Structures are given as structure tokens and as C-alpha cells.
Amino acid sequence: MRALPVRVDAVLVQAVIAAALSFAHLHDLASAAGQDGWKAWAYPVSVDLLLVAAWRRLRSGEAKTAGWCWFVVALTASLGANVATAGLLDLEDVPAWLRILVAGWPAVAFLGGTLLAHGATNPSADPAAAPEPCSTAQAPEPTAAEVELSSVAPELPVVAPESAPPPPSSVPPALVALARKVADEHRARTGSDIDTSTLRARLGVPMPLAEAITTQLT
């Protein structure tokens, strides 16, 4: 059985080399700041894990602001260690402010990792509230007897609803006489018959009553 050739990814090799160098720089800086032993090795692990957690949050598309914030924090810590160990800082005499930053880094890394790992995400849709799919089952076909009965059943004529007779007029004669007087005054003043709206406004009666009075004036 022929063995499959191993394909070497140049980008992956470069990433491994860069990670190893950054890991060593962080270890050297932590060791120079007084964190010796296993603690010096734990510092680069915490920085790299924070970078990975922030990158995963950015890839997920959720809470990108928090992802970018902690990604910049972890990247600053990694780049700062690389620059500090490049000969610009005397590792034999580390300043006090740098010792404080190195000593406080575990709390920062713990806070960032916790927020990124257990941050609020978009709630998934409740499956119980999802609408039920439309049923694809076809309705039962009518039997032969039902078809025959429907074909021989006589069609009933459509009867138009009769309109209700108009209610009888119950206008008091005195009100009719007053309306006639108002109509005569309006005709003498304007030269035209009074309309229903004007008669209603002059008499102060409801519109149905004004219409009934108008029909009696004509």
C-alpha cells in the first residue's frame, strides 16, 4: 500500500514559527519581571488563548465590538513583549511599572476570556413558536354517489332581499309650519329653495327629521 505524500503548508509553518517566537518572548519578559518557574510559561499561554478566543468571537459574527477590544488587548501584550525583548529593555533591571503590568495581566486575561466564552449570544428561535408547516395531504375525493347527488340537486333561485319600507313620517304640524316659514324667508332672501343642511341648521333638528320635513315642503 503506497503511502500518501505529506503536504506542507508554508503559511502554517510560518504561523507556527511566529507563535513559537512570540511564546518565547513572553516567557522571557515574564521571567525577567519576577514570574519564574511555571508562571513564566503560563503567561504566553494566557495571551495566546485570549487571542484565539477573541478571533473565534470575531469569526462567529456576534458581539464584534467585544471581540475586537480583547483582540487588541492580547495583540498589544504580545507585541509589547516582542519589542521589549528586542534589546530596547534591560531584562536585568525591569522597571516597576512593567512588573505591575505583568503581575496584573492574569486578572485581565481571566476577565477577557470569561466574557468572550460566556458572553450573551443571540437567542435561538423557539421551536415551539415556529409555525407548523402546511399540510401537503390532499382532501379526499368525493365518491360517485356524492357526485350524482350534487349533479341532480335542483338549483334554488336566488331571492333578492326585500328592502324595508321607510318608516312613516311623524313630523309635528307646528314644526312643518315653522319650517315652511323659514323656507319662505330663505327663498325671499336668496331666490333659491332652502336645502336640507341649511334647514337642519336653522331648526336645530336631527338630519333624518330635517329630511322628512324637506319632503313635506316640496
Side-chain angles (χ1 to χ4, degrees), residues 50-77 107-218:
L50 186 59
L51 276 172
V52 172
W55 176 246
R56 291 190 61 182
R57 175 57 63 89
L58 293 175
R59 291 289 301 273
S60 66
E62 301 174 355
K64 286 189 174 182
T65 303
W68 277 114
C69 177
W70 290 109
F71 184 82
V72 171
V73 170
L75 186 61
T76 302
V108 176
F110 177 77
L111 176 62
T114 303
L115 293 178
L116 292 174
H118 302 285
T121 57
N122 295 330
S124 57
D126 187 4
E132 296 181 358
C134 298
S135 176
T136 57
Q138 298 180 354
E141 297 182 358
T143 60
E146 294 176 352
V147 174
E148 292 178 0
L149 289 176
S150 62
S151 60
V152 300
E155 295 183 358
L156 298 178
V158 180
V159 180
E162 297 181 357
S163 58
S169 176
S170 58
V171 183
L175 187 59
V176 176
L178 178 61
R180 194 179 302 279
K181 180 179 179 180
V182 172
D184 294 340
E185 293 178 356
H186 182 81
R187 187 181 301 107
R189 187 175 67 255
T190 62
S192 59
D193 294 336
I194 190 171
D195 58 323
T196 306
S197 300
T198 305
L199 181 62
R200 172 183 174 276
R202 294 287 300 274
L203 297 178
V205 296
M207 181 58 72
L209 183 58
E211 292 176 353
I213 295 173
T214 304
T215 58
Q216 295 192 18
L217 293 180
T218 55

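From a predicted model like this one, the values you see are computed outputs, not experimental measurements.
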S.K.: Looking at CD1 of I194 and CD of E185, how far apart are the two atoms once the value is rounded to the nearest 0.5 Å?
M.R.: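 Answer for the CD1-CD pair, I194 versus E185, is 9.5 Å.
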S.K.: Compare every heavy atom of L203 with every heavy atom of A179, then report the nearest pair and how far apart it is.
M.R.: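 Smallest interatomic distance, heavy atoms only, reads CB-CD1, 3.7 Å.
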S.K.: Quick one: closest heavy-atom pair of A210 and R200, and the distance?
M.R.: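 Heavy atoms of A210 and R200 come nearest at CB-CB, 3.7 Å.
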S.K.: Holding to side chain to side chain contact (heavy atoms under 4.5 Å, CB included), I want the full list of residues that pass it with A74, two or more places apart in sequence or in another chain.
M.R.: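 Partners of A74 by the side chain to side chain contact (heavy atoms under 4.5 Å, CB included) criterion, ordered by chain and then number, come out as L50, L51.
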S.K.: Could you pull out all residues at least two apart from D193 that satisfy side chain to side chain contact (heavy atoms under 4.5 Å, CB included)?
M.R.: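 Testing D193 for side chain to side chain contact (heavy atoms under 4.5 Å, CB included), a comparison that skips the adjacent residues, returns R187.
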S.K.: Please list, chain by chain and in numerical order, all residues satisfying side chain to side chain contact (heavy atoms under 4.5 Å, CB included) with R56, sequence neighbours excluded.
M.R.: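 Testing R56 for side chain to side chain contact (heavy atoms under 4.5 Å, CB included), a comparison that skips the adjacent residues, returns V52.
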S.K.: Tell me every residue that passes side chain to side chain donor-acceptor pair (under 3.5 Å) with T198, counting only those two or more places apart in sequence or in another chain.
M.R.: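 Once residues adjacent in sequence are excluded, the partners of T198 under the side chain to side chain donor-acceptor pair (under 3.5 Å) criterion are D195.
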S.K.: Tell me whether the count of non-hydrogen atoms from other residues, nucleotides or ligands lying under 6.0 Å of CZ in R59 goes above 12.
M.R.: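 At most 12 heavy atoms, drawn from other residues, nucleotides or ligands, come within 6.0 Å of this atom.
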S.K.: If I take atom CZ from residue R202 and atom OG from residue S197, how far apart are they, to the nearest 0.5 angstrom?
M.R.: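 Rounded to the nearest 0.5 Å, the CZ-OG separation comes to 13.5 Å.
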S.K.: Looking only at heavy atoms, which two atoms of A54 and G67 are closest? And how far apart?
M.R.: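 Minimum heavy-atom separation between A54 and G67: CB-O, 3.5 Å.
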S.K.: As an exercise, state the distance from CG of L199 to OG1 of T214, rounded to the nearest 0.5 Å.
M.R.: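 One gets 5.0 Å once the value is rounded to the nearest 0.5 Å.
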S.K.: For the residue pair W55 and F71, what are the closest heavy atoms and their distance?
M.R.: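 Nearest pair, atom of W55 first, then F71: N-CD1, 4.4 Å.
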S.K.: Looking at M207 and T196, what are the two nearest heavy atoms and their distance?
M.R.: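 Shortest heavy-atom separation between M207 and T196 comes out as SD-CG2, 3.7 Å.
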S.K.: Of all residues at least two apart in sequence or in a different chain, which pass the side chain to side chain contact (heavy atoms under 4.5 Å, CB included) check with A109?
M.R.: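 With neighbours one apart ignored, the set is S46, W105.
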S.K.: I need the full list of side chain to side chain donor-acceptor pair (under 3.5 Å) pairs touching residues 63-72, with sequence neighbours left out, sorted by first then second residue.
M.R.: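 Found none.
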